[in-house]
> 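Input: one structure, supplied below.
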Amino acid sequence: MPVATRQRIVVADDSGLMRRVVASALEKEGFDVVGSAANGDEALELCQRHRPNAMTLDLAMPGLDGMGVLRELKKPGAADVPVVVVSAFSPAHGARAVDALAEGAFDLVAKPAAGEPLSTFVSELGEKVRAAATSRRRAGHGRAHVAPPRPVVRTRTARAVVIASSTGGPRALAELMPKLPARLGAGTLMVQHMPPGFTASLAQRLDRASKLSVREADGGELLDPGVALLAPGGSHLRLADGRRAALSDAPAIGALRPRADLTIVDVAEAFGARTLLVVLTGMGRDGLEGAQAVKRRGGRVLVEAESSATVYGMPRAIAEAGLADAILDLRDLPAAIVQEAGA
């Protein structure tokens, strides 16, 4: 039996200590670290030389920084390397990391803060780098067999909208949200899997580009057709009293907090058939339990198609379960959401 080839990774960080920490973590997770770079120019040279399966990238580096690396990798002839951003959190770093995700970085891992267990960082880093490293190999493979979707329908009844996403979500949301109108259905709740602290920057970025007002939820807000509330990283977004947002610090479910299923089930219980669930790109199966609740109560479910999804995990789970009313490329989702959300 042939021996499986280990996935080859480049590590880029201006801190020698952090390069060693990341490289050691990846090697323990079974990767082959083929090069370490202290700046963006070195990172690009290593990518051209080794053509790795993925790269971890710090954004704050001397000379050519992480954003510069991402822009160079998008140019014709550059190495096709998925990038996992490894960033410390601060308001400035958070905004820069969200910009990187919107510009095409595959995913984000927060550097461990003082006192945080290194094991959590190692596990998350390994999972996300593994997904990034295999994403190119999966690209272009045959589509999964799914039940034929039902047509998008126009409704006169305002539906509450829930949008759930994970890996690739910031980029998908950056395309989707600016195409939605200033008022949508009965109000919108959004769950994007991100580390604590980074979701405020994502909300601000989306708000600047969108007609809808996009805000990180504080808890206590009433659903409003003119507002999209984003779950804060580190908190579950719930719905209290049928129309009021609430935050919960209950334990993570499947290592996720926020967990989209909790939000979706709350909305389905409150709004029944007046629920519209939209599931975008992402790893895992978060959203499946919520989709089941939506369909039991007569609501509608739209999912992103494999053709545009960075990771066809969350949408696939719902499509293969026969719960999707429509499976649409990202570019076709805004019009469908407007029709289905009603007014």
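Side chains are part of it too, since the values below use all heavy atoms of this structure and drop only hydrogens, waters and symmetry mates.
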> To the nearest 0.5 Å, what is the distance between CG on Asp224 and OG1 on Thr188?
9.5 Å

> Work out which heavy atom in Val303 is nearest to a heavy atom in Pro315; give both atom names and the distance.
CB-CB, 4.0 Å

> Without swapping roles, check the side chain of Asp286 against the backbone of Asp261 for a donor-acceptor pair under 3.5 Å.
yes

> Does either side chain, that of Glu127 or that of Ser123, offer a donor lying less than 3.5 Å from an acceptor on the other one?
no

> Same cluster or not: are Val265 and Val294 linked, directly or through other Ile, Leu, Val, Met, Phe, Trp or Tyr residues, by side-chain heavy atoms under 4.5 angstrom apart?
no

> Salt-bridge test for Arg215 and Asp207: reply yes if a basic N is under 4.0 Å from a carboxylate O, no otherwise.
no

> Any non-hydrogen side-chain atom of Gln292 less than 4.5 Å from a side-chain atom of Leu288?
yes

> So does Glu175 pair up with Arg171, basic N to acidic O under 4.0 Å?
no

> Does the side chain of Asp58 reach to within under 4.5 Å of the side chain of Met18, using non-hydrogen atoms?
no

> If you round to the nearest 0.5 Å, how far is CG of Leu101 from CZ of Arg96?
13.5 Å

> Is Val34 reachable from Val81 through a run of I, L, V, M, F, W or Y residues, each pair having side-chain heavy atoms under 4.5 Å apart?
yes

> Hey, are Arg19 and Asp14 close enough for a salt bridge, meaning a charged N less than 4.0 Å from a carboxylate O?
no

> Taking Ser87 for its side chain and Ala97 for its backbone only, find out whether a donor-acceptor pair lies under 3.5 Å.
no

> Just wondering, do Leu302 and Leu276 contact through their side chains at under 4.5 Å, heavy atoms?
yes

> At their closest point, which heavy atom of Ala43 faces which heavy atom of Ala12, and how far apart are they?
CB-CB, 3.9 Å

> Could you tell me if His236 and Ser248 have a donor-acceptor pair between their side chains, going purely by distance under 3.5 Å?
no

> Do Leu118 and Val22 belong together in a cluster built from hydrophobic side chains that touch within less than 4.5 Å?
yes

> I'd like to know if Lys74 pairs up with Glu103 as an ion pair, taking the criterion as any Lys NZ or Arg NE/NH1/NH2 lying under 4.0 Å from an Asp or Glu carboxylate oxygen.
yes

> Any chain of hydrophobic side-chain contacts (each under 4.5 Å) joining Leu280 to Leu262?
no

> Charged N to carboxylate O below 4.0 Å: is that the case for Arg316 and Glu306?
yes

> What is the distance from atom OG1 of Thr275 to atom CD of Glu269, rounded to the nearest 0.5 Å?
10.0 Å

> Can you measure from CG (Leu223) to CG (Leu229) and round to the nearest 0.5 angstrom?
7.0 Å

> Can you find a heavy atom in the side chain of Arg130 that is under 4.5 Å from one in the side chain of Phe31?
yes

> So Glu72 and Cys47, do their side chains get closer than 4.5 Å, heavy atoms only?
no

> Starting from Val267, can I reach Leu247 by hopping between I/L/V/M/F/W/Y residues whose side chains sit under 4.5 Å apart?
yes

> Hey, are the side chains of Leu212 and Val227 touching, using non-hydrogen atoms and a 4.5 Å cut-off?
no

> Would you say the side-chain atoms of Ser166 pair up with the backbone N or O of Gly282, donor to acceptor, closer than 3.5 Å?
no

> Report the C-alpha separation of Ile264 and Glu289 in whole Å, then their side-chain angles, then the decisive distance to 0.1 Å, and conclude whether the side chain to side chain contact (heavy atoms under 4.5 Å, CB included) test is met.
CA-CA 8 Å; Ile264 300 163; Glu289 181 181 335; over 6 Å; no

> Are Arg8 and Asp32 ion-paired here, with the side-chain N under 4.0 Å from a carboxylate O?
no

> Taking the side chain as C-beta and beyond, is there a heavy-atom pair between Glu304 and Asp329 under 4.5 Å?
no

> Just by distance, do the side chain of Arg238 and the backbone of Ala245 share a donor-acceptor pair under 3.5 Å?
no

> Can a side-chain donor-acceptor contact be found between Arg331 and Ser308 if the only test is distance below 3.5 angstrom?
no

> Testing the basics here: between Thr281 and Val311, what is the closest heavy-atom pair and its distance to 0.1 Å?
OG1-N, 2.9 Å

> Run the side chain to side chain contact (heavy atoms under 4.5 Å, CB included) test on Val21 and Phe121 for me, step by step, so that the C-alpha distance in whole Å, both residues' side-chain angles and the decisive distance to 0.1 Å come before the verdict.
CA-CA 10 Å; Val21 168; Phe121 170 75; 4.2 Å; yes

> Got a second to check how far Leu237's CG is from Thr263's OG1, nearest 0.5 Å?
4.5 Å

> What heavy-atom pair brings Ser210 and Pro178 nearest, and what distance separates the two atoms?
OG-N, 3.7 Å

> Nearest 0.5 angstrom please: Leu206 CG to Leu230 CG, how far?
7.5 Å

> Mind running side chain to side chain contact (heavy atoms under 4.5 Å, CB included) on Glu29 and Val122 for me, showing each step along the way?
CA-CA 8 Å; Glu29 289 289 307; Val122 170; 3.7 Å; yes

> Does a donor on one side chain sit under 3.5 Å from an acceptor on the other, for Glu216 and Thr199?
yes

> For the side chain of Arg244 and the backbone of Glu221, is there at least one donor-acceptor N/O pair under 3.5 Å apart?
no

> Keeping the roles fixed (side chain from Asp65, backbone from Gly68), state whether a donor-acceptor pair exists under 3.5 Å.
yes

> Taking all non-hydrogen atoms of both residues, which atom of Ala164 and which atom of Ala260 are closest, and how far apart?
CB-CB, 3.7 Å

> Salt-bridge test for Lys111 and Asp13: reply yes if a basic N is under 4.0 Å from a carboxylate O, no otherwise.
yes

> Are Met55 and Val69 close enough, and set up right, to give a side chain to side chain contact (heavy atoms under 4.5 Å, CB included), and what steps lead you there?
CA-CA 11 Å; Met55 174 170 60; Val69 170; 3.8 Å; yes

> Taking the basic N atoms (NZ, or NE/NH1/NH2) and the acidic carboxylate oxygens, is any pair closer than 4.0 Å for Arg159 and Glu340?
yes

> Does any non-hydrogen side-chain atom of Lys179 lie less than 4.5 Å from one of Leu333?
no

> Using atom types as modelled and distance alone, determine if a side-chain donor or acceptor of Ser235 lies under 3.5 Å from a backbone N or O of Pro232.
no

> Where do Ala186 and Arg243 come nearest, in terms of heavy atoms and distance?
O-NH2, 3.7 Å

> Taking Lys128 for its side chain and Leu108 for its backbone only, find out whether a donor-acceptor pair lies under 3.5 Å.
yes

> More than 12 non-hydrogen atoms from neighbouring residues, nucleotides or ligands closer than 6.0 Å to CZ on Arg285, yes or no?
no

> Let me know which of Leu189, Leu277, Val191, Leu176 forms a side-chain contact (heavy atoms from CB on, under 4.5 Å) with Ile163.
Leu176

